[in-house]
Amino acid sequence: MKIKISIKLLSPLLIGSSEENHSIAKSQLAYNNMALITGSELKGNFRYIFKTIPALNKFEIPLFGDSNNAGKLLFETLQLENPSYIERMGVSIDRNLKISANEKLFTVRALNHSDRSFEGYIKVNGELSESEKSSLVTAAKFIDKIGSMKSRGFGKVKIDLDFVEDQRTVLQNIEEGIYEIIFKVKSPIILTSEMAKTYLYTSRTFVSGETLKGAYAGFFDKNSDTFKQIFNYGKVHFPFLYPSLNNKSLIPSPQTLFTQKHSNGEMIYDITFGKYIERLFAEKGLKYVLTDKTIKDGKEIRLEPAKGYFDPDKSTLYSLTSQKFFSTQIEIDPFTRTAKSGILRSYDAFYPDYLGGYLKVDSQNKDLVKEIIGHKEIQIGNSRTRGFGHLELHSFQKINDNFSTLKIANDNFKEIVDKINQINGTKDFEIKHTIVPVVLTSDLIEKDFENLFGEGFDLKMAFTRRQNISGYSAYSKSNKTLYNSIVAGSVFIFDSDKDLNSVSQILSQKRYEGLGYLTESGFGDFSIYIPLKEVQRRRSQ
């Protein structure tokens, strides 16, 4: 069940945010040309009514929760596209002298109310009784103002609620294969490694498969066979999600990509081929050293790891505006109407436009995947009841997974070796086996990564970085297990004595199974890596 909420503006609205323009003291909260009413603002206004009206007191904890339990209601951030604003000037009056106070002239920028309404949904965990529904309708009638400067006429509203059942979409047919799953991010995301004791919530910038799995688990009866197959037996491998384009899953920048230090980071250099040549020379007892420096316009420049998100299929690095969303909120005492002492919350949230990853479908789990994909909207992370972490399924499409790019990669490596022979006027260097360059598209938990693909695969080079990954469980009120993983974007170059077709078949099977441990939580996914043959310009999106 969910509750459709409509908020009609009857006067200018001012839900304040900090403003870089110092001439404006307070401005209506907005993001990407959309005016916002945060879930926290909505939850606070409703909860105030339940606290202050005795007849509604008994419904407060079940609906809104307390320090030990989450409530049934999950308030989402409401958005209004293409807003128009009005600016009003004011001055503070000295209460004693009855004249304008010195340097107290200010301007506020509010949302124009002319025939505008915010619409959205309040999600419901479980079911609502008729008395709970009635209490919410009553509370909505009592909320006649929201936001700041209500005593000056701002924020007059009329709120309507409509209780509707969730509509699930059931896929008629789904084939075996690898699917790209893309989510539209509808509100900022907070994913913390531990519960902050100082009320500072700082989010990491990706969604782990374990987090995604937990979000879907709430839709299923824990005693059902479907729940056991998906979540207990690990039949579905939930992917890691990273900031992506609206129709393409991306991964963090590979560890082989670099950019010029102290620059805008626009030009991208790939060290893969250089390091490969260095290894070929070393095997012959010759010296060839690639450093973190290169030559540009006759001048030596230093390099540093490139930032951005990478499309493995097109070997293209994108500079996405994976923006942060910072806000500060304070809890108000419902009786004194003043700020509570010590109750200040600051959110350093993660707010990309899209998140994407790869979901594997086989004969054993395709009916289970259909059950999962039928749920179009999910909420993840911390502070979900305040409107954070709202994702909406944007696309679910099968991709080509025949590893045809392996031949392209091998041809590129051979081309580089032929150039080295041509420059030296010899045939000293040659590639006798199949080169297998892979890039991790999710984190990997594996101590012995030299044997990722088993016998017949000899690790030649590895470009890796490790990180600790964990989380906080709102259900158990404790930190989740801490894992030390090899990060997505790490690159491995293997040498195999098998032919291209045999290697492709092995890689295809390994991708379904996943590499290393905890593959059911999205760890250990990979793709073929095609190194850049020349300097490339980072693409903006």
Peer 1: For the backbone of Gly153 and the side chain of Ser11, can you confirm whether one donor and one acceptor N or O come within less than 3.5 Å of each other?
Peer 2: yes
Peer 1: Under 3.5 Å, is there a donor-acceptor pair linking the side chains of Arg47 and Thr52?
Peer 2: no
Peer 1: I would like to know whether Thr211 and Ser208 meet side chain to side chain donor-acceptor pair (under 3.5 Å); could you show each step before the answer?
Peer 2: CA-CA 5 Å; Thr211 297; Ser208 70; 3.1 Å; yes
Peer 1: So do the side chains of Ile189 and Ile380 get within less than 4.5 Å of each other, counting heavy atoms only?
Peer 2: yes
Peer 1: Is there a side-chain contact between Tyr216 and Phe238, using heavy atoms and a 4.5 Å cut-off?
Peer 2: yes
Peer 1: If you draw a 6.0 Å radius around NZ in Lys156, do more than 12 non-hydrogen atoms from other residues or ligands fall strictly inside?
Peer 2: no
Peer 1: Closer than 4.0 angstrom, basic N to acidic O: yes or no for Asp311 and Lys248?
Peer 2: yes
Peer 1: Given 3.5 Å as the limit, does a donor-acceptor pair link the side chain of Thr441 with the main chain of Ser527, or not?
Peer 2: no
Peer 1: Checking Ser244 against Leu355 for the side chain to side chain contact (heavy atoms under 4.5 Å, CB included) test, could you report, in this order, the C-alpha distance in whole Å, the side-chain angles of both residues, the deciding distance, and whether it holds?
Peer 2: CA-CA 5 Å; Ser244 297; Leu355 288 169; 5.9 Å; no
Peer 1: Taking the side chain from Glu520 and the backbone from Lys235, do they hold a donor-acceptor pair closer than 3.5 Å?
Peer 2: no
Peer 1: Would you please indicate if the ring centroids of Tyr179 and Phe396 are separated by under 6.0 Å?
Peer 2: yes
Peer 1: Tell me if a side-chain donor or acceptor on Lys58 pairs with a main-chain N or O of Ala55 at a distance below 3.5 Å.
Peer 2: no
Peer 1: Hey, are the side chains of Ile251 and Pro312 touching, using non-hydrogen atoms and a 4.5 Å cut-off?
Peer 2: yes
Peer 1: Determine whether a donor-acceptor pair (N or O, by modelled atom type, separation under 3.5 Å) exists between the side chain of Ser6 and the backbone of Asp160.
Peer 2: no
Peer 1: Before you tell me yes or no, could you show the steps for Thr77 and Lys186 under side chain to side chain donor-acceptor pair (under 3.5 Å), namely the whole-Å CA-CA distance, both residues' side-chain angles and the distance that decides it to 0.1 Å?
Peer 2: CA-CA 8 Å; Thr77 296; Lys186 305 290 286 186; over 6 Å; no
Peer 1: Determine, stepwise, if the pair Asp353 / Val185 fulfils side chain to side chain contact (heavy atoms under 4.5 Å, CB included).
Peer 2: CA-CA 6 Å; Asp353 292 328; Val185 181; over 6 Å; no
Peer 1: State which residue, out of Lys123, Gln379, Arg384, Arg386, fulfils the side-chain hydrogen bond (donor to acceptor under 3.5 Å, both in side chains) condition with Glu76.
Peer 2: Lys123
Peer 1: Check the pair Gln467 / Asp443 against side chain to side chain donor-acceptor pair (under 3.5 Å), numbers first and verdict last.
Peer 2: CA-CA 9 Å; Gln467 70 176 358; Asp443 282 20; 2.7 Å; yes
Peer 1: Is Lys376 salt-bridged to Glu392, cutoff N-O under 4.0 Å?
Peer 2: no
Peer 1: Tell me, do Leu212 and Leu241 make a side-chain contact under 4.5 Å, heavy atoms counted?
Peer 2: yes
Peer 1: Do Gln229 and Asn365 have a side chain donor and acceptor closer than 3.5 Å?
Peer 2: no
Peer 1: Are Lys184 and Tyr354 in a cation-pi setup, meaning NZ or CZ lies under 6.0 angstrom from the ring centre and within 45 degrees of the ring axis?
Peer 2: yes
Peer 1: Please verify the inter-ring angle class for Phe523 with Phe240; under 30° counts as parallel, over 60° as perpendicular, anything in between as tilted.
Peer 2: perpendicular
Peer 1: I'd like to know if Glu210 pairs up with Lys213 as an ion pair, taking the criterion as any Lys NZ or Arg NE/NH1/NH2 lying under 4.0 Å from an Asp or Glu carboxylate oxygen.
Peer 2: no
Peer 1: Is there a side-chain contact between Ile3 and Leu128, using heavy atoms and a 4.5 Å cut-off?
Peer 2: yes
Peer 1: Salt bridge (charged side-chain N to carboxylate O under 4.0 Å, His left out) between Lys366 and Glu175: does it pass, once the steps are laid out?
Peer 2: CA-CA 7 Å; Lys366 62 180 181 179; Glu175 300 176 351; over 6 Å; no
Peer 1: So does Gly514 get a backbone contact from the side chain of Thr519, meaning a donor-acceptor N/O pair under 3.5 Å?
Peer 2: no
Peer 1: Report yes or no: is the cationic atom of Arg116 (NZ for Lys, CZ for Arg) closer than 6.0 Å to the six-membered ring centre of Phe118, at no more than 45° off its axis?
Peer 2: no
Peer 1: Answer whether the closest heavy-atom distance between the side chains of Ile37 and Leu13 falls below 4.5 Å.
Peer 2: yes
Peer 1: What distance do Ser203 atom OG and Tyr351 atom OH have between them, rounded to the nearest 0.5 Å?
Peer 2: 13.5 Å
Peer 1: Is there side-chain contact between Leu42 and Ile7, with at least one heavy-atom pair below 4.5 Å?
Peer 2: yes
Peer 1: Quick one, Val487 with Leu440, criterion side chain to side chain contact (heavy atoms under 4.5 Å, CB included). Give me CA distance, side-chain angles, the key distance, then yes/no.
Peer 2: CA-CA 7 Å; Val487 301; Leu440 295 182; over 6 Å; no
Peer 1: For Asp525, does its backbone N or O pair with a side-chain atom of Ser442 as donor and acceptor, under 3.5 Å?
Peer 2: yes
Peer 1: Do any N or O atoms from the side chain of His394 and from the backbone of Asn246 form a donor-acceptor pair under 3.5 angstrom?
Peer 2: yes
Peer 1: For atom CZ of Phe163, decide whether the heavy atoms of other residues, nucleotides or ligands shown that lie under 6.0 angstrom number more than 12.
Peer 2: yes
Peer 1: Does any donor atom in the side chain of Ser134 or Ser131 lie under 3.5 Å from an acceptor atom in the other side chain?
Peer 2: no
Peer 1: Does the gap between the ring centers of Phe183 and His390 come in under 6.0 Å?
Peer 2: no
Peer 1: Any chance you could lay out the side chain to side chain contact (heavy atoms under 4.5 Å, CB included) test for Lys398 and Ile178, step after step, and finish with the verdict?
Peer 2: CA-CA 6 Å; Lys398 187 178 179 181; Ile178 306 294; over 6 Å; no
Peer 1: Are Tyr309 and Ser253 packed together at the side-chain level, in the sense that at least one heavy-atom pair is separated by less than 4.5 angstrom?
Peer 2: no
Peer 1: Run the salt-bridge test on Glu132 and Lys72 with the 4.0 Å N-O cut-off and return the result as yes or no.
Peer 2: yes
Peer 1: Less than 6.0 angstrom from the centroid, inside 45 degrees of the normal: does Lys2 satisfy that with respect to the ring of Tyr121?
Peer 2: yes
Peer 1: Taking only residues two or more places apart in sequence, or in another chain, which ones meet Phe50 in a ring pair (Phe, Tyr, Trp, His ring centres under 6.0 Å)?
Peer 2: Phe64
